[in-house]
Participant: 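After the structure tokens below, expect a handful of questions from me.
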Amino acid sequence: QVQVVESGGGLVQPGGSLRLSCTTSGFSSNVMSWYRQAPGKERELVATINIAGLTTNYADSVKGRFTISRDNAKNTAYLQMNSLKPEDTAVYYCAAMHYWGKGTLVTVSS
């Protein structure tokens, strides 16, 4: 059964950190990506990583603060988010091939 499951979201204060996880099952994917959608805004690409973990790309808005990584043995990708800002508040989605997870909510607020 094909599944994409995100976890790790929550409420964090500005300047704090969170680590999101995305675990896939039923398939393997060369590229794994994180997207986010803030209230009233379009979904945007946050970061991508290739299967070897050697090629990563980031949105300008998160460069230097977010790090994408993956553990192929666990079929899991991670998004380490540091120095979080209120504008990072969004539902974060994982995508692999044409499969999507249901998202995990990240709220950055004091």
Side-chain angles (χ1 to χ4, degrees):
Q1 182 180 3
V2 171
Q3 282 190 313
V4 179
V5 180
E6 305 99 334
S7 62
L11 174 63
V12 63
Q13 292 187 343
S17 298
L18 281 176
R19 188 177 81 154
L20 306 182
S21 299
C22 169
T23 300
T24 64
S25 58
F27 71 103
S28 61
S29 179
N30 181 28
V31 176
M32 296 185 74
S33 304
W34 285 98
Y35 288 77
R36 67 184 181 186
Q37 187 166 19
K41 295 187 177 181
E42 294 185 352
R43 190 172 297 187
E44 64 171 344
L45 178 63
V46 175
T48 63
I49 187 168
N50 74 338
I51 193 166
L54 299 177
T55 301
T56 58
N57 290 286
Y58 297 92
D60 288 342
S61 58
V62 306
K63 281 181 181 177
R65 301 188 297 121
F66 290 13
T67 302
I68 189 170
S69 61
R70 67 190 290 172
D71 183 339
N72 292 330
K74 296 181 179 180
N75 294 319
T76 299
Y78 304 96
L79 187 67
Q80 178 66 43
M81 305 186 296
N82 299 328
S83 302
L84 283 161
K85 305 174 181 180
E87 50 263 44
D88 294 317
T89 295
V91 178
Y92 284 72
Y93 298 91
C94 177
M97 294 180 68
H98 53 281
Y99 302 112
W100 290 79
K102 294 182 179 180
T104 185
L105 177 63
V106 172
T107 303
V108 184
S109 175
S110 55

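We count residues from 1, following the sequence as given.
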Participant: Distance check, rounded to the nearest 0.5 Å: Tyr78 atom OH versus Thr23 atom OG1?
Facilitator: 6.5 Å
Participant: Determine the minimum heavy-atom distance between Ala47 and Tyr58, stating which atoms define it.
Facilitator: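 Looking at all heavy atoms of both residues, the shortest contact is CB-CD2, 3.7 Å.
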Participant: Would you please name every residue forming a salt bridge (Lys or Arg N to Asp or Glu O under 4.0 Å) with Lys63, sequence neighbours left out?
Facilitator: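 For Lys63 the salt bridge (Lys or Arg N to Asp or Glu O under 4.0 Å) partners, ignoring immediate neighbours, are Asp60.
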Participant: Checking Glu44 now: which residues fulfil side chain to side chain donor-acceptor pair (under 3.5 Å) with it, not counting sequence neighbours?
Facilitator: Arg36
Participant: Among Ile, Leu, Val, Met, Phe, Trp and Tyr joined by side-chain contacts under 4.5 Å, find the other residues sharing a cluster with Val31 and list them by chain and number.
Facilitator: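 Its cluster mates, by chain and number: none.
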Participant: Can you measure from CZ (Arg19) to CE (Met81) and round to the nearest 0.5 angstrom?
Facilitator: 11.5 Å
Participant: May I ask you to check whether Asn82 and Ser17 show a side-chain donor-acceptor distance below 3.5 Å?
Facilitator: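 Indeed, the side chains of Asn82 and Ser17 share at least one donor-acceptor pair under 3.5 Å.
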Participant: If you measure from OG on Ser28 to CG on Asn72, what distance do you get to the nearest 0.5 Å?
Facilitator: 9.0 Å
Participant: For Leu79, run the side chain to side chain contact (heavy atoms under 4.5 Å, CB included) check against Val62, Leu20, Thr67, Ile49 and tell me which one passes.
Facilitator: Leu20
Participant: Restricting to pairs with a member in residues 30-60, which pass disulfide (SG to SG under 2.5 Å), not counting sequence neighbours?
Facilitator: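 Non-adjacent pairs meeting disulfide (SG to SG under 2.5 Å): zero.
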Participant: So, for Gly8 and Leu18, which heavy atoms are closest and what is the spacing to 0.1 Å?
Facilitator: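 In this case the closest contact between Gly8 and Leu18 is O-CD2, 3.9 Å.
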Participant: Check whether Tyr35 forms a cation-pi arrangement with Arg43 (NZ or CZ under 6.0 Å from the six-membered ring centre, at most 45° off the ring normal).
Facilitator: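 Checked: cation-pi criterion not met.
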Participant: In residues 99-110, what donor-acceptor pairs under 3.5 Å come from side-chain atoms, sequence neighbours left out?
Facilitator:
unit_1, atom_1, unit_2, atom_2, d
Thr104, OG1, Gly9, N, 3.1

Participant: Between Glu6 and Tyr92, does the side-chain contact (heavy atoms from CB on, under 4.5 Å) criterion hold? Intermediate values first, please.
Facilitator: CA-CA 8 Å; Glu6 305 99 334; Tyr92 284 72; over 6 Å; no
Participant: Just to verify, what does Arg65 make a salt bridge (Lys or Arg N to Asp or Glu O under 4.0 Å) with, not counting sequence neighbours?
Facilitator: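 Partners of Arg65 by the salt bridge (Lys or Arg N to Asp or Glu O under 4.0 Å) criterion, ordered by chain and then number, come out as Asp88.
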Participant: Where is the tightest heavy-atom contact between Arg70 and Asn30, given as atom of each residue plus distance?
Facilitator: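 Smallest heavy-atom distance, with atoms named: NH1-O, 2.9 Å.
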Participant: Which value, rounded to the nearest 0.5 Å, describes the distance between Thr24 atom OG1 and Asn75 atom CG?
Facilitator: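 One gets 4.5 Å once the value is rounded to the nearest 0.5 Å.
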Participant: Please examine the side chains of Met32 and Cys94, heavy atoms only from C-beta on, and report whether any two atoms are closer than 4.5 Å.
Facilitator: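 Yes, at least one pair of side-chain atoms sits under 4.5 Å.
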Participant: Rounded to the nearest 0.5 Å, how far apart are CD1 of Ile68 and OG of Ser33?
Facilitator: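 That separation rounds to 6.5 Å.
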Participant: Counting C-beta onward and ignoring hydrogens, is there a side-chain heavy-atom pair between Val4 and Cys22 closer than 4.5 Å?
Facilitator: yes
